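A short write-up of the structure that comes next.
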Protein chains: 2
Amino acid sequence: MIPGMARTNPDFQNGVPELLLLRLLAGREMYGYELVKAIQTAAGETLRFGEGSIYPVLHGLQSRKLVSTRKQEVSGRVRIYYKITATGRKRLVEMAAEFRRTADAVRLVLGDGDAPA
Amino acid sequence: MIPGMARTNPDFQNGVPELLLLRLLAGREMYGYELVKAIQTAAGETLRFGEGSIYPVLHGLQSRKLVSTRKQEVSGRVRIYYKITATGRKRLVEMAAEFRRTADAVRLVLGDGDAPA
DNA sequence: TTTGATACCTGGAATATCCAGGTATATGCG
DNA sequence: CGCATATACCTGGATATTCCAGGTATCAAA
């Protein structure tokens, strides 16, 4: 492990970018750079995903038809707007449920739970 | 993607095996196979980690000195007992906190939160 | 003797995230 | 004008994690 090298796969964050993107797009159509900034604002210090993480996920969502795209030029710069599809909404619901189940299971083992018995 | 192939890195589970192992070992010394079974019991349907996932993590913990080991023969079979170290306990506390922070941040964005404002 | 449980292990595949770099346009400042 | 900064897009390669599928060996029960 060379110090300062890429620490990939941070603990517990696997799948989080996809979930966050779908969640944000469930509210309204947004473009890539806007999503990057929105995630930095919404998730703050704890979750930090840069462009290098977000754009590839966005392309994956597109190829799996969970989002649709539209190009638009705004004052000389091209933006690619992403819009969630019906399939995408279904996936969001599933992922959110999966997240809660996983988080609850871990909490249970950790002993934080409001576990009976 | 060939159907039936290994689906590695399931969403949200990154780092969970390590956290669970440290948590279980915080209670008492245990051996590998016992830990595998304990995780299957404790985490049930949701979190399912097989031997192929657990043993490598156990070896990683050992080489990082988060656990110490001891061999013992019990009725013809050799067991390797793992015991958490002081460093391991520190790591457990950190990981548990990290888990909660991450889970809370995601929940906040999902909108489950008891978020004010 | 064959099955199943116990108890350990690993190689290679698949996948996710991240750093560091890239391209290009517009805008503000000295 | 020249330069830095912000906007807006993108990718290659490194690193890390998990999992399947397979392996070894002992012991007990059928």
Side-chain angles (χ1 to χ4, degrees), chain A residues 1-21 30-41 43 46-64 69-82 95 99 102, chain B residues 1-21 30-41 43 46-64 69-82 95 102 106:
Chain A
M1 270 185 284
I2 298 134
M5 280 309 262
R7 286 166 14 273
T8 63
N9 294 7
D11 289 335
F12 318 122
Q13 298 196 4
N14 204 321
V16 170
E18 179 173 330
L19 178 56
L20 294 185
L21 287 173
M30 293 171 80
Y31 58 97
Y33 194 76
E34 185 185 13
L35 285 161
V36 170
K37 296 301 166 191
I39 284 181
Q40 286 168 6
T41 303
T46 306
L47 274 15
R48 291 166 50 202
F49 302 101
E51 300 181 30
S53 303
I54 297 305
Y55 282 117
V57 175
L58 234 21
H59 301 153
L61 291 175
Q62 181 183 9
S63 73
R64 289 155 61 207
T69 61
R70 170 174 78 81
K71 273 202 178 93
Q72 188 177 332
E73 194 178 319
V74 177
S75 66
R77 292 187 206 83
V78 175
R79 292 177 178 171
I80 301 177
Y81 279 88
Y82 294 85
M95 279 198 94
F99 170 79
T102 302
Chain B
M1 274 185 280
I2 298 135
M5 280 311 260
R7 285 165 17 270
T8 63
N9 294 6
D11 290 335
F12 316 123
Q13 297 194 4
N14 204 319
V16 170
E18 178 173 330
L19 177 56
L20 295 185
L21 287 173
M30 295 173 79
Y31 58 96
Y33 193 76
E34 187 185 11
L35 285 161
V36 170
K37 297 300 166 191
I39 285 181
Q40 285 168 7
T41 303
T46 305
L47 272 17
R48 291 166 49 202
F49 301 101
E51 301 182 29
S53 302
I54 297 305
Y55 282 118
V57 175
L58 233 21
H59 300 155
L61 291 175
Q62 182 183 8
S63 74
R64 288 154 62 206
T69 62
R70 168 174 80 81
K71 272 200 178 94
Q72 186 175 333
E73 194 177 317
V74 178
S75 65
R77 290 188 207 82
V78 175
R79 291 177 179 171
I80 301 175
Y81 280 88
Y82 294 85
M95 279 196 94
T102 303
V106 172

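Just so it is clear: chains get the letters A, B, ... in the order the sequence lines come, proteins before strands, and each one is counted from 1. A quick note: this is a predicted structure, and the numbers were derived from the prediction, not measured.
With the nearest nucleotide of DNA chain C identified for both A:E73 and A:P17, A:P17 has the one nearer the 5' end.
Rounded to an integer number of Å, the gap from CZ of A:F12 to C1' of D:dA16 is 14 Å. For A:D11 and D:dT17, the CG to C1' distance is 10 Å, given to the nearest whole Å. As a whole-Å value, the separation of B:R48 CZ from D:dC19 P is 10 Å. Atom pair B:N14:CG and C:dA14:C1' shows a separation of 14 Å (rounding to whole Å applied). Atom CG of A:L19 is separated from atom P of C:dA16 by 14 Å (rounded to the nearest Å). Atom CE of B:M30 and atom C1' of C:dT6 are 15 Å apart (whole Å). Atom CG of A:L47 and atom C1' of C:dC18 are 14 Å apart (whole Å). Rounded to whole Å, atom C1' of C:dA20 lies 17 Å from atom CD1 of A:I54.
A donor-acceptor pair under 3.5 Å is absent between the side-chain atoms of A:S53 and the main chain of A:F49, judged by distance alone.
Applying the salt bridge (charged side-chain N to carboxylate O under 4.0 Å, His left out) definition to pairs two or more places apart or across chains, those involving residues 10-19 of chain A are A:D11-B:R91, A:E18-A:R64, A:E18-A:R91.
Side chains of A:L47 and A:I39 form no contact here, defined as non-hydrogen atoms less than 4.5 Å apart.
Each end of the helix from C:dT1-D:dA30 to C:dG30-D:dC1 gets its own rotation axis from five pairs of C1' atoms, and the angle between them is 0° to the nearest 10 degrees.
Across every non-hydrogen atom of A:L58 and A:Y82, the tightest pair is CG-CZ, 3.6 Å. Minimum interatomic distance between B:V57 and B:P17 (heavy atoms only, all atoms of both residues): CG2-CB, 4.2 Å. Taking each heavy atom of B:R70 and B:Q72 in turn, the nearest pair found is NH1-OE1, 2.6 Å.
No N or O donor and acceptor, one from the side chain of B:N9 and one from the base of C:dA16, sit under 3.5 Å apart.
Partners of B:Y33 by ring pair (Phe, Tyr, Trp, His ring centres under 6.0 Å), not counting sequence neighbours: none found. A:E51 pairs by the salt bridge (charged side-chain N to carboxylate O under 4.0 Å, His left out) definition with nothing, not counting sequence neighbours. Among residues two or more places apart in sequence or in another chain, the side-chain hydrogen bond (donor to acceptor under 3.5 Å, both in side chains) test is passed with B:E73 by none.
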Next item on the list: At under 4.0 Å between heavy atoms, which parts of nucleotides 6-11 of chain D does protein reach? Answer with one letter per nucleotide, 5' to 3': B base, S sugar-phosphate only, - none.
Entry: -BBBBB

